[in-house]
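Chain identifiers are assigned alphabetically (A, B, ...) following the order of the sequence lines, protein sequences preceding nucleic acid strands; residue numbering begins at 1 within each chain. Side-chain atoms are counted along with the backbone in the values below, which use heavy atoms only and exclude waters and symmetry mates.
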2 protein chains.
Amino acid sequence: MSRPKAPRVSMADVAKLAGVSSQTVSRVANGHPSVVGTTRQQVLAAMKQLDYRPNSAARALKSGQFRTIGVILFTLSSTGNSRTLEAIATHAALQGYAITLIPVAMPTQDSVLGAFTRLGELAVDGVIVIMEVHLLDAATVTLPPNVQVVVVDSDAGDRYTVVDTDQADGARQAVAHLLELGHRTVWHVAGPEESFASGRRAQAWRDTLAAAGREIPPPLRGDWSAESGYRAGLALADEPGCTAVFAANDQMALGVLRALHERGRSVPADVSVVGFDDIPDASSFIPPLTTVHQDFAEVGRRCVEGILRQIERGETEHGTALVPTRLEVRTSTAPPPRHGASR
Amino acid sequence: MSRPKAPRVSMADVAKLAGVSSQTVSRVANGHPSVVGTTRQQVLAAMKQLDYRPNSAARALKSGQFRTIGVILFTLSSTGNSRTLEAIATHAALQGYAITLIPVAMPTQDSVLGAFTRLGELAVDGVIVIMEVHLLDAATVTLPPNVQVVVVDSDAGDRYTVVDTDQADGARQAVAHLLELGHRTVWHVAGPEESFASGRRAQAWRDTLAAAGREIPPPLRGDWSAESGYRAGLALADEPGCTAVFAANDQMALGVLRALHERGRSVPADVSVVGFDDIPDASSFIPPLTTVHQDFAEVGRRCVEGILRQIERGETEHGTALVPTRLEVRTSTAPPPRHGASR
DNA sequence: ATGCGTAATGTTTACGTAAACATCAGCTCG
DNA sequence: CGAGCTGATGTTTACGTAAACATTACGCAT
């Protein structure tokens, strides 16, 4: 373990060179006002000459703060997660906070528990959870008492600060758009059952149809993947009455597009398709996909704001903040085929 | 700043409860052998009762190690980066290391320099850079002396440990596949000029054609985005002699597919298209895309191994490790149209 | 029996920082 | 003109851990 190391430069070294006490060096480092200009210059010069860098471990030990936020997530393979993470990292950096990644191998309670246990020994002041919250329940007991939590995409607003895309309104916009175009009803390719976002989108789809007095077709279930969308799309292609599809994310919409294409159903002439997320590729699908745009950057920003507020104040907040969505209309949607033509 | 806190449980507290010295607690915590069974049990029980968690700041201060790896990257929006990061995080966690994310706002030397300066004060034992290395040159001076570096996708093997996908072989396989199908030559949609990966793929494309004695069409240049691929695709659709396209990544291939589709050129009957990356959606493109599969998980694994080896040994290694690629043949490639038919 | 080695545990110390407290010089005001 | 104040800087201490060193107690060989 003991390896040859360039011994680190400490405040004491700087102090000696500058001819002051180490406390004065500390004051300069922290921008304390009561250091006179000339002294400050000397210290600064000494710091530069020795290439001094504050030791964050010592600082953390003394202050009890790490200036670090942990982010717990299951996977980065979904666009939403990685874009949110990126925004979190960027905003945290702006506030002088670092991000520590805590990957959870599998979305099981055991794994999550393990991640939180590791976290208990980890140097973080707060945690942002990008994951289904019901998995978190068992884990909360293992959280150190003074670590705050913010959750993305969840209904746990009564226990945590929750930041969420306005799933319901996004889905409503998508369905309303299709109805306005004249479609009788809208079919739905839902996400996995255990996903909160998926549930909210499906519920809003159902509600919007019900509010308009339309028939509610049985939803098809996918797992977010394009492949599962393809399977759903094959089924939909065989439904003669199906002229409009709302897929719960863009990847499944991609699969639906492929299935319809293979079955000779033209989009949007025969069937209209709407997605959710607005991933960068959506505008290059065949045809370019009408989809619900999510502002991941804003979600990330609010997460950081929320967690920092809690860290500063030292107390947990509750409540849910919704980030608005907006329908991005491209060319995968059109009025339904005229009645005569479609039979 | 002084906030009401649950005072943290320290070794001394555990020691008092267990009726031993804090050093014995330390020995138990670190699995030191010379603690007799009964004592160990007492300490363990006390730890559990008090919900003791080691303080990583104090541990880091004492040992000089943080058990943390920093990852510097510019963006997570590319599949490759986020998948690599995920693999890095997973493998680091397996070894008991945490990952600290250092996002760089813009790919400029200034930004990178800033990130490294911040890093200087950060608690990391090593750094993995997922980024064009030429931006790193100015930054190395600001790196603390005992922080090791591993680089992904670069030609800096003479200065750093480099882990890279075998770009050249992947591109070669793609081009060879198209030539074997009977295409006279292969057009190329390249990535951005400043990208090392892009350059390697383009060079291998050129070399493979040259080795086969084929004509080398002028490469088109994109920026990795589907939109840029679309623009390139429109140009290619107007090239009568173009029957085969090798796009430097899957997203640009997606754009090419759309352009060809819009121009009424059928894939693969009229034109064959090959991509690079094998993103999950590639199998759901219209048609499913033949592409070069990259093993991002393996890249991440080797990065972590490399950096840990350097951290253990305390010295920098040089050299490049190549992760093999493999051609995933789907239905976007076929023999060229028969001569008579195409005119 | 005496001494010595060894295994188990306790005591001291240092890591680098920053809060708390102490000191000292210069200045204002009664 | 000196008491008291203020601003600049120095000294002490504590944060939690673990290495290094110190101290027991016990067993075994002479």
Using a 4.0 Å heavy-atom cut-off across all strands, classify [X] as base, sugar-phosphate, or nothing.
X: A:Thr24; result: sugar-phosphate
X: B:Thr39; result: sugar-phosphate
X: A:Ser26; result: base
X: B:Val20; result: sugar-phosphate

### Five-pair end axes of the helix from C:dA1-D:dT30 to C:dG30-D:dC1, angle between them (10°)
60°

### Terminal contacting nucleotides, 5' and 3', DNA chain D versus chain A (heavy atom, 4.0 Å)
D:dA8 to D:dG16

### Summary
What residues 27-37 of chain A contributes to the DNA chain D interface at heavy-atom separation below 4.0 Å is A:Arg27, A:Ser34, A:Val35, A:Val36

Could you list the donor-acceptor pairs under 3.5 angstrom formed between side-chain atoms of residues 15-30 of chain B and any protein atom two or more places apart in sequence or on another chain?
{"from": "B:Ser21", "atom 1": "OG", "to": "B:Gln23", "atom 2": "N", "distance (Å)": "3.4"}
{"from": "B:Ser21", "atom 1": "OG", "to": "B:Thr24", "atom 2": "N", "distance (Å)": "3.4"}
{"from": "B:Ser21", "atom 1": "OG", "to": "B:Thr24", "atom 2": "OG1", "distance (Å)": "3.3"}

Residues in side chain to side chain donor-acceptor pair (under 3.5 Å) with [X], at least two apart?
X: A:Glu86; result: B:Thr75
X: B:His32; result: B:Ser34
X: B:Asp164; result: B:Gln167
X: A:Thr38; result: none

#### Entry: Partner residues of B:Glu315 under the salt bridge (Lys or Arg N to Asp or Glu O under 4.0 Å) criterion, sequence neighbours left out
B:Arg313

### Task
State which residues pass salt bridge (Lys or Arg N to Asp or Glu O under 4.0 Å) with B:Glu305; sequence neighbours excluded, sorted by chain then number.
B:Arg301

### Message
Does anything in residues 59-77 of chain B form a salt bridge (charged side-chain N to carboxylate O under 4.0 Å, His left out)? List the pairs, not counting sequence neighbours.
### Response
none

### Task
Quick one: list whatever passes side chain to side chain contact (heavy atoms under 4.5 Å, CB included) with B:Ala321, sequence neighbours left out.
B:Arg302

#### Entry: Heavy-atom check, side chain of B:Leu94 versus side chain of B:Val304, under 4.5 Å
no

